[in-house]
Amino acid sequence: MKSNIRLMTKGAVGREILTFAFPVFLANLFQQLYLTVDSLVIGNFVGKEALAAITSVGPLVFLLVGLFNGLFIGAGVVISKYFGSDDADGVSKSIHTTVALGFSSSALVTIVGIIGSPYILRWMGTPAEVFSQANSYVEIYFIGISSLILYNMATGILQALGDSRHPLYFLIASSLTNIVLDLLFVGVLDWGMDGAAYATIISEAISAVLSMGLLFLTKEQYRVHLRQVRFHGRQLGRILHIGIPSGIQNSVISIANVFVQASVNSFGAAAMAGNGAFLRIQGFVFLPITSFALALTTFTSQNIGAGELGRVRKGIRFSLAFCLIMAETFGLFLFLFAKPLLLLFSRDPEVLAIGTEKAHIACFFFCCLALSHTMAGIFRGAGRAIIPMLVMLVCWCLIRVSYIFITLKYFNDIRVVFWAYPITWTLSSLIFIFYYFKVDWLRQR
């Protein structure tokens, strides 16, 4: 059987990055189908209030899983560097440490999510007419959250070694299952929000079982042996050095997005539904950029591990040009076709008007969002995870929240909330550009 492990330290730079990024994009595309299919089915079979409820829980979910996903980003960088330097023992110890992190974090997030989610939903100002549905969905979702965490853990391990295909195969299986179960539970059996939640956790369990099964049964060098699953001090320290800043970055962005969602909630169910529907669409059209940024993290860390700093610089130049062109192309497309795409979620005129307004404000700033994601991926791959953490903390959290809090006092208009994203995307991209050209950050570590 042909090995799916891919060493990205040789060959044409652009081809290596694109070959790795394409399966990552497809995998992320199917992962995005989870919440989007839920939203489509709920919006068409249940109604506007239910659509508002299901689209409002996204920031809450990511808030509670973001920290640990950041740890897996750190694990991926560490594994990639050991792999690039041909250190088999370092690869094995890093993988078993990562699995130990996955098991412990999945248990913790399950407990915290089930107990704490009602309080966070209230803090977000979730309107009374959608609170019970949102809370019911979240409670069921967190019962099965360990599947999502374990799948993300396994994916981080596989992608660190250049295997972006197996995560794709597993997500195709689980996403197709999710679509069928959504239509069955919600459209046929009329289980409403609970049906969508059950469909999601069953589907995520499938991807977790498949990915964990591969790690324990494969004959590749990344095979996991249960008796060796424990924390190795040296590897754990390196993972935490990169993973904690990445996790904090995810968490503070999530906290800011929870605040933004609370501000949207104050404008009512139609605003929640319109904003949430647009975010689902934006998530789809921006997947190539985030996939490319992830590929660039793996490419950078493997090549730094191998001492190929010249290839890193070539990969950066290629990736920045490619991502910026894609971002503005997608932005123009979404600007022109926002309303027809929003019609897939709802035909309510107020929902469509709000979603279209959001699109017209955000779309032409996608270049700044793309630049920020790509630069963050580069710096994480180089072991400089604290840089994107600080930039996102200042721009996407402190400035974004302060802007909304102050400006809404004087202009009670939802467009004030919508402008928070382009403004902070632009600021973060300018800071990243300054740091990239003014600081000697690319040193072999």
Side-chain angles (χ1 to χ4, degrees), residues 5-9 65-109 149-150 152-163 211-212 214-216 218-251 294 296-309 312 376-390 440-445:
I5 288 178
R6 187 180 191 88
L7 188 61
M8 303 170 72
T9 57
V65 303
L67 175 61
F68 297 101
N69 283 346
L71 294 178
F72 301 143
I73 290 173
V77 172
V78 172
I79 294 168
S80 292
K81 285 187 176 180
Y82 279 124
F83 184 53
S85 60
D86 199 26
D87 184 345
D89 182 64
V91 169
S92 177
K93 288 181 178 179
S94 298
I95 288 174
H96 286 89
T97 298
T98 302
V99 175
L101 276 173
F103 287 155
S104 56
S105 61
S106 62
L108 180 59
V109 173
I149 292 176
L150 292 176
N152 287 338
M153 176 209 71
T155 296
I157 293 172
L158 294 171
Q159 290 178 344
L161 300 174
D163 182 358
S211 58
M212 293 301 294
L214 175 63
L215 292 181
F216 279 96
T218 185
K219 294 183 179 179
E220 298 278 13
Q221 72 179 76
Y222 56 74
R223 180 170 182 172
V224 174
H225 302 274
L226 189 59
R227 292 182 179 180
Q228 297 179 29
V229 174
R230 61 181 180 274
F231 295 114
H232 296 272
R234 180 180 177 85
Q235 284 69 32
L236 178 62
R238 293 186 173 184
I239 289 171
L240 295 179
H241 176 74
I242 300 171
I244 288 179
S246 299
I248 292 174
Q249 175 189 322
N250 287 343
S251 296
L294 179 58
L296 193 54
T297 296
T298 301
F299 175 86
T300 301
S301 55
Q302 282 194 10
N303 279 279
I304 288 179
E308 297 285 349
L309 302 187
V312 174
I378 293 167
F379 294 136
R380 278 194 295 264
R384 304 292 193 272
I386 196 170
I387 302 306
M389 180 199 76
L390 292 175
D440 181 21
W441 58 272
L442 185 55
R443 300 189 304 271
Q444 191 171 357
R445 299 183 70 179

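Keep in mind it's a predicted model, so treat the numbers as computed, not measured.
- Leu150 has its side chain out of reach of Val99: every pair of non-hydrogen atoms, C-beta onward, lies at least 4.5 Å apart.
- Side chain of His96 to backbone of His225: a donor-acceptor contact under 3.5 angstrom is found.
- In this structure, Asn303 CG and Ser80 OG are separated by 10.0 Å, a value rounded to the nearest 0.5 Å.
- In plain terms, the two heavy atoms of Phe299 and Val312 that are nearest each other are CE2-CA, 4.0 Å.
- Within the 3.5 Å criterion, the main-chain N or O of Ala160 finds a donor-acceptor partner in the side chain of Gln302.
- Residue Leu215 holds its CG atom at 9.0 Å from OG1 of Thr155, rounded to the nearest 0.5 Å.
- Here the side chains of Ser94 and Phe83 are not in contact, with every heavy-atom distance at 4.5 Å or above.
- Note: Thr98 OG1 to Phe231 CZ = 9.5 Å, rounded to the nearest 0.5 Å.
- For Asp86, the CG atom counts as loosely surrounded, since its 6.0 Å shell holds 12 or fewer non-hydrogen atoms of other residues, nucleotides or ligands.
- In this structure Gln159 satisfies the side chain to side chain donor-acceptor pair (under 3.5 Å) test with no other residue, sequence neighbours excluded.
- For Arg380 against Ser246, the heavy-atom pair with the smallest separation is CD-OG, 3.2 Å.
- Contact annotation: the side chain of Ile73 never approaches that of Leu294 to less than 4.5 Å [non-hydrogen atoms, C-beta and beyond].
- Listed for the Ser301 side chain is no donor-acceptor partner under 3.5 Å among the backbone atoms of Gly381.
- Across Ile244 and Leu71, no two heavy atoms sit closer than the pair N-CD2, 3.9 Å.
- Shown here for Met212 and Ala154, the closest heavy-atom pair between the two residues is SD-CB, 4.4 Å.
- Atom CG of Asp163 and atom OG1 of Thr298 lie 11.0 Å apart (nearest 0.5 Å).
- In this structure, the side chains of Ile79 and Ile95 come closer than 4.5 Å at one or more pairs of heavy atoms.
- With Ser92 contributing its side chain and Asp89 its backbone, the two residues share no donor-acceptor pair below 3.5 Å.
- Between the side chain of Ser105 and the main chain of Gly102, a donor-acceptor pair closer than 3.5 Å is present.
- Other residues, nucleotides and ligands contribute more than 12 heavy atoms inside 6.0 Å of the CZ atom of Arg223.
- Lys93 is not listed as a side-chain neighbour of Tyr82, based on a closest heavy-atom distance of 4.5 Å or more.
- Here the closest heavy-atom approach between residue His232 and residue Thr97 is recorded as N-OG1, 3.1 Å.
- A 4.5 Å side-chain heavy-atom check between Ile386 and Phe379 finds every atom pair outside the cut-off.
- Nearest approach of Ile149 to Ser106, heavy atoms of both residues: CD1-CA, 3.8 Å.
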TODO: Take Leu101 and Met153 through the side-chain contact (heavy atoms from CB on, under 4.5 Å) test and state the conclusion after the steps.
DONE: CA-CA 9 Å; Leu101 276 173; Met153 176 209 71; over 6 Å; no

